[in-house]
Amino acid sequence: MSIYVGNLSYDISENDLQSVFADYGEVKRVYLPLDRETKRKRGFGFVEMSNDDEEIKAIETLDGAQWMGRQIKVNKAKPRD
DNA sequence: GTTGAGCGTT
């Protein structure tokens with residue numbers, strides 16, 4: 001299972017994301033997709049935790065939280081197609 | 001500023 005994190009500042013890094021979610025459990029993977037052509041950040045990212053319960057807890061706690069001056073959105077991510 | 005990649009046979 002993976003987590004979708006939206007409404008992020010374009011100024012954050014994968015390390016920033018990892019730091020936030022690491023507070024709820026071990027972060028297995030973090031990914032900030034860049035625009036395939038411009039290489040610029042798209043304002044959202046993905047996080048995977050080692051433990052699903054901690055992952056759910058992180059989603060519930062961080063969704064709608066104020067972070068870097070923005071109210072972030074956190075949800076269970078959909079698998080890629 | 002809201003759902004990731006690549007051009008390959010795991």
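Every chain is numbered from 1 and lettered A, B, ... according to where its sequence line falls, protein lines coming before strand lines.
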Among the candidates [options], find the nucleotide nearest to the side-chain atoms of [X].
{"X": "A/Arg80", "options": "B/dA5, B/dT2, B/dG1", "value": "B/dA5"}
{"X": "A/Ala77", "options": "B/dG1, B/dT3, B/dA5", "value": "B/dT3"}
{"X": "A/Ser2", "options": "B/dG4, B/dG1, B/dT2", "value": "B/dG4"}
{"X": "A/Arg36", "options": "B/dA5, B/dT3, B/dG6", "value": "B/dG6"}

Face-to-face stacking of A/Phe44 with B/dT2, centres under 5.5 angstrom, angle under 30°: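 Ring-base stacking flag not set for A/Phe44 and B/dT2.
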Please give the distance between the [atom1] atoms of [N] and [M] as a whole number of Å.
{"N": "B/dT3", "M": "B/dC7", "atom1": "C1'", "value": "22 Å"}
{"N": "B/dA5", "M": "B/dT10", "atom1": "C1'", "value": "15 Å"}
{"N": "B/dG6", "M": "B/dT2", "atom1": "C1'", "value": "23 Å"}

[atom1] of [X] versus [atom2] of [N]: gap in Å, rounded?
{"X": "A/Met1", "N": "B/dT3", "atom1": "CE", "atom2": "P", "answer": "18 Å"}
{"X": "A/Phe46", "N": "B/dA5", "atom1": "CZ", "atom2": "C1'", "answer": "12 Å"}
{"X": "A/Lys78", "N": "B/dT2", "atom1": "NZ", "atom2": "P", "answer": "13 Å"}
{"X": "A/Asp11", "N": "B/dG1", "atom1": "CG", "atom2": "P", "answer": "15 Å"}
{"X": "A/Arg42", "N": "B/dA5", "atom1": "CZ", "atom2": "P", "answer": "6 Å"}
{"X": "A/Asp35", "N": "B/dT2", "atom1": "CG", "atom2": "P", "answer": "13 Å"}
{"X": "A/Arg29", "N": "B/dA5", "atom1": "CZ", "atom2": "C1'", "answer": "10 Å"}
{"X": "A/Ile3", "N": "B/dT2", "atom1": "CD1", "atom2": "C1'", "answer": "15 Å"}

Touch class at under 4.0 angstrom, heavy-atom based, for A/Leu32 against every strand present: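 Here A/Leu32 touches no strand at all.
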Sugar-phosphate, base or nothing in reach of A/Tyr31, heavy atoms under 4.0 Å: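 The residue A/Tyr31 makes base contact.
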Anti/syn call for B/dG6, syn if |chi| within 90°: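 What B/dG6 shows is an anti base, its glycosidic angle lying more than 90° from 0.
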Side-chain heavy atoms of A/Phe46 within contact of A/Leu32, under 4.5 Å: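 Counting from C-beta outward, A/Phe46 and A/Leu32 never come under 4.5 Å.
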A/Glu48 (side chain) donor-acceptor with A/Ser2 (main chain) under 3.5 angstrom: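 Checking the backbone N and O of A/Ser2 against the side chain of A/Glu48, no donor-acceptor pair under 3.5 Å is found.
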B/dG1 OP1/OP2 closer than 4.0 Å to side-chain N/O of A/Asn7: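 Indeed, a polar side-chain atom of A/Asn7 lies that close.
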For A/Glu54 against A/Glu26, the heavy-atom pair lying closest together: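 Closest approach of A/Glu54 to A/Glu26, heavy atoms only: OE1-N, 3.8 Å.
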Minimal non-hydrogen separation, A/Ile3 against A/Ala77, with atom names: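 Taking A/Ile3 first and A/Ala77 second, the nearest heavy atoms are C-CB, 3.7 Å.
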Any pair counted as side-chain hydrogen bond (donor to acceptor under 3.5 Å, both in side chains), so long as it reaches residues 8-19 of chain A, sequence neighbours left out: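 Sorted result for residues 8-19 of chain A: A/Ser13-A/Asp16.
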Whichever of A/Leu8 and A/Pro33 has its nearest DNA chain B nucleotide further upstream toward 5':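 Whichever sits nearer the 5' end wins; that is A/Leu8.
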Nearest-0.5 Å distance, OH of residue A/Tyr24 to CG of residue A/Leu62: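 Reported to 0.5 Å precision, the distance equals 4.5 Å.
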